[in-house]
Visitor: 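Have a look at this one.
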There are 2 protein chains.
Amino acid sequence: MKPVTLKEIADQLNISVTTVSKALKDYPDISKKTKALVKELAQTLNYKPNAFAVNLRTKESKTIGLIIPEIVHHFFSSVIKGIVAQAEKKGYLVIILQSNESYELEKKQIQLLLRQRVDGILISLANGTADYNHLTDVLAQDKPLVMFDKIAKLVKCSKVIIDDRKAAYVATQHLIDTGCKRIAHFRGALLPQNSIDRFLGYKKALLDNNMPYDPSLVYICQCGDQSFEEGKMNARQLLKDHKDVDGIFINTDMVAIGAITEFNEQGVKIPEDISIVGFSNWFMSSVISPSLTTIDQPGYEMGKAAFKQLYKEMQQVKNKEPIVYKDIVLKTELVKRQSSKEVLHKTIH
Amino acid sequence: MKPVTLKEIADQLNISVTTVSKALKDYPDISKKTKALVKELAQTLNYKPNAFAVNLRTKESKTIGLIIPEIVHHFFSSVIKGIVAQAEKKGYLVIILQSNESYELEKKQIQLLLRQRVDGILISLANGTADYNHLTDVLAQDKPLVMFDKIAKLVKCSKVIIDDRKAAYVATQHLIDTGCKRIAHFRGALLPQNSIDRFLGYKKALLDNNMPYDPSLVYICQCGDQSFEEGKMNARQLLKDHKDVDGIFINTDMVAIGAITEFNEQGVKIPEDISIVGFSNWFMSSVISPSLTTIDQPGYEMGKAAFKQLYKEMQQVKNKEPIVYKDIVLKTELVKRQSSKEVLHKTIH
DNA sequence: TTGATTAACGAAAACGATTTCGAAATGAAC
DNA sequence: GTTCATTTCGAAATCGTTTTCGTTAATCAA
């Protein structure tokens, strides 16, 4: 009933615990005969080393912590999948925690993970997080910390991101290339860096194309649980405020889908009357009618890359080398679908 | 840099490790004065008990394992969220593993978790799992194991499920009540119990209403990654095979959405020509056009209930009481939307 | 025969906390 | 002054491994 220990194996074979331990780990100073004996008995008794004891000695837990704002989310669950898959390949287990977009919870969870003595931490910040002491605490302990997607630029650690600004630029440029003359933007809340960058990309694309930037065309939404509703609301408001808008770049697919639904209900034709480009490429976006042109955000790859970087840093700590931080920028892609028109033939000068 | 230990606190205060430990845990045989001193120093040094050492002594890890077939999945990610939230409330951490619907992986992961000495395991089985030795291994060690959603009826442990059969019955009955005369069924693969039960519910509803059961109206799909495509394919095939079908009960929303898409493309009117009822109530189902009538499957609640049961059993183990197994059946609900007609006025006898 | 080398194993000290069992000191009671 | 109880603390064992450093016995060279 109780798990088998080294001592029990040792007693049964009338040898010492030391020898058993060494035999199982193929130390060169144990004879082949005893090694065979030990290994066989361990097998039949179904011996499994007690992880606590091993960790206590070796000061490694072979466990990492993962904190994300929201689990039920296509993008984030893809990230989780990428992380878990990669971690398992390297023999690491993943403890998952959800911050619920709350700074307080995030802070508490970091403490929990540190107490658990995880070997490293992966985190995507809560929207509300503006204070970074809990993060620098981790780094001060020489424990690797890698941030992904929602990051804090000011914290000195590795980061895995996409170039939100560039992606937003591409999205907006696509609207321009397909003939849109007056382009609105539904942006996210003020805090997460992503919203800011996407907004900046939108703005830059306009200016680079000699189109005026009009702040009244920028609508803010919190992108929380009811982002679908927010998309509908913003769309309704836009129809009242600006009849001349013929294109919208929307911060995230869920909001875009809300907007599409509203436009469908009001008889506004997409893309004939208004073109729409979203962000993230959720599965849903390919299914809705009209299907949504959007920016593909590689969640699985991001998870994979984040773990790989963390792994590298954990190895560096193990070898007592200094940790080398890295910024990894993943590629995004515009996925052309029905909610935007065909690209106009460009005139050749 | 290195984490603070009891010994360091003891040395600084010139008292023994024992006293420090006791002080922090409010043992009655330590004076208030030393307790105050110890607690204050622990606070300022930011002392965190070494989880390994504690676990090694107490033989508790305050950690549970969670194995699911697929993380990127609306239903399962909701379950994860429920589990993680509830676990955190009780001071437990969750190690998450994904079996990828593979029996082999599932088996290996159970071993991993046992080695890690988790206090309990939550699992939703892979479709391919037909051999239960890895599960009985867990139970043989007196380690609580709770299965949810995709379960093995034969294994003696607690289970949290919905009544798939009844839910399917309700779904089919709804189609009948709204006037459908010839009802098809897109079912899942043969193995997971859920598919079988949903099929049986469908069949029973037909028979109870004196409608013939026609096996040629039952289409099978694997419900894997391409279930959307499978939905389209099946819909196309159905249109060829049976022009007279006016209702379909579909195993899962993703397939249903594929079917709706296909029908939309082929100009088949929903619900006028064909009514559709899905299963799961993914968010997508409320957004697609026409929106999908479906069975709401409470993922978050299932996760919550599963952890609560596991917690109960972990307490029982702790108190050396025998484990009491329980079958928990959660309520499902029919969510009426646009893909099915209004219920006919029933004649009163 | 002596000294050096090698092969094979074990004793014991960690790792950091918890807990049992005493011990010392103080005070109270007689 | 003796006895007894109470308060306050610590020594030491323990959890299960890992790893260092011996120790023994055998082998070999000269």
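Quick note on labels: first sequence line is chain A, next is B, and so on, each numbered from 1. For clarity, every value in this text was computed on a predicted model and none was experimentally measured.
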Visitor: Write down the atom of B/K156, the atom of B/L139, and the distance for their closest heavy-atom approach.
Guide: O-CD1, 3.5 Å

Visitor: Scan residues 15-26 of chain A for pairs that pass salt bridge (Lys or Arg N to Asp or Glu O under 4.0 Å), counting only residues two or more places apart or in two chains.
Guide: A/K22-A/D29, A/D26-A/K35, A/D26-A/K39

Visitor: Taking all atoms of both residues into account, what is the closest heavy-atom pair of B/S99 and B/P69, and its distance?
Guide: OG-CA, 3.2 Å

Visitor: Using whole Å, report how far CD of B/Q116 lies from P of D/dG16.
Guide: 16 Å

Visitor: For B/D327, enumerate each residue passing the side-chain hydrogen bond (donor to acceptor under 3.5 Å, both in side chains) test, keeping only those at least two apart in sequence or located in another chain.
Guide: none

Visitor: Which residues pass the side chain to side chain contact (heavy atoms under 4.5 Å, CB included) test with B/T19, not counting sequence neighbours?
Guide: B/I15, B/S16, B/I30

Visitor: Among A/L24, A/V54, A/T5, which residue satisfies the side-chain contact (heavy atoms from CB on, under 4.5 Å) criterion with A/P49?
Guide: A/V54

Visitor: Can you tell me how far P of D/dT17 sits from NZ of A/K48, to the nearest Å?
Guide: 12 Å

Visitor: For residues 84-92 of chain A, tabulate all N or O donor-acceptor pairs below 3.5 Å that involve a side-chain atom, not counting sequence neighbours.
Guide:
from  : atom 1 : to     : atom 2 : distance (Å)
A/E88 : OE1    : B/Q109 : NE2    : 3.1
A/E88 : OE2    : B/Q109 : NE2    : 3.0

Visitor: Where along residues 52-64 of chain A does a heavy atom come under 4.0 Å from DNA chain C, residue by residue in number order?
Guide: A/L56, A/R57, A/K59

Visitor: Suppose the criterion is ring-ring contact (aromatic ring centres under 6.0 Å, His included): which pairs have a residue in residues 112-136 of chain A, not counting sequence neighbours?
Guide: A/Y103-A/H134

Visitor: Got a sec? Which of residues 35-44 of chain A come in under 4.0 Å of DNA chain D, heavy atoms?
Guide: none

Visitor: Answer yes or no: is there a side-chain heavy-atom contact under 4.5 Å between B/Y47 and B/L6?
Guide: yes

Visitor: Output the residues of residues 25-34 of chain B in contact with DNA chain C, where contact means a heavy atom of the residue under 4.0 Å from an atom of the strand; sort by number or write none.
Guide: B/K25, B/Y27

Visitor: Does B/T58 have any side-chain hydrogen bond (donor to acceptor under 3.5 Å, both in side chains) partners at least two apart in sequence or in another chain, and if so, which?
Guide: none

Visitor: Want to settle it: does A/V17 or B/I15 sit nearer the 5' end of DNA chain D, counting the closest nucleotide to each?
Guide: B/I15

Visitor: Is A/S21 touching bases, backbone alone, or none of the nucleic acid, heavy atoms closer than 4.0 Å?
Guide: base

Visitor: For residues 315-326 of chain B, please give each side-chain donor-acceptor pair under 3.5 Å, one per line with the distance, not counting sequence neighbours.
Guide:
from   : atom 1 : to     : atom 2 : distance (Å)
B/Q316 : OE1    : B/V324 : N      : 3.1
B/K318 : NZ     : B/E60  : OE2    : 3.4
B/N319 : ND2    : B/Q315 : O      : 3.3

Visitor: To 10°, what angle do the rotation axes through the five end pairs on each side of the helix from C/dT1-D/dA30 to C/dC30-D/dG1 form?
Guide: 70°

Visitor: Between which nucleotides of DNA chain C, 5' to 3', does chain B make heavy-atom contacts below 4.0 Å?
Guide: C/dG16 to C/dC21

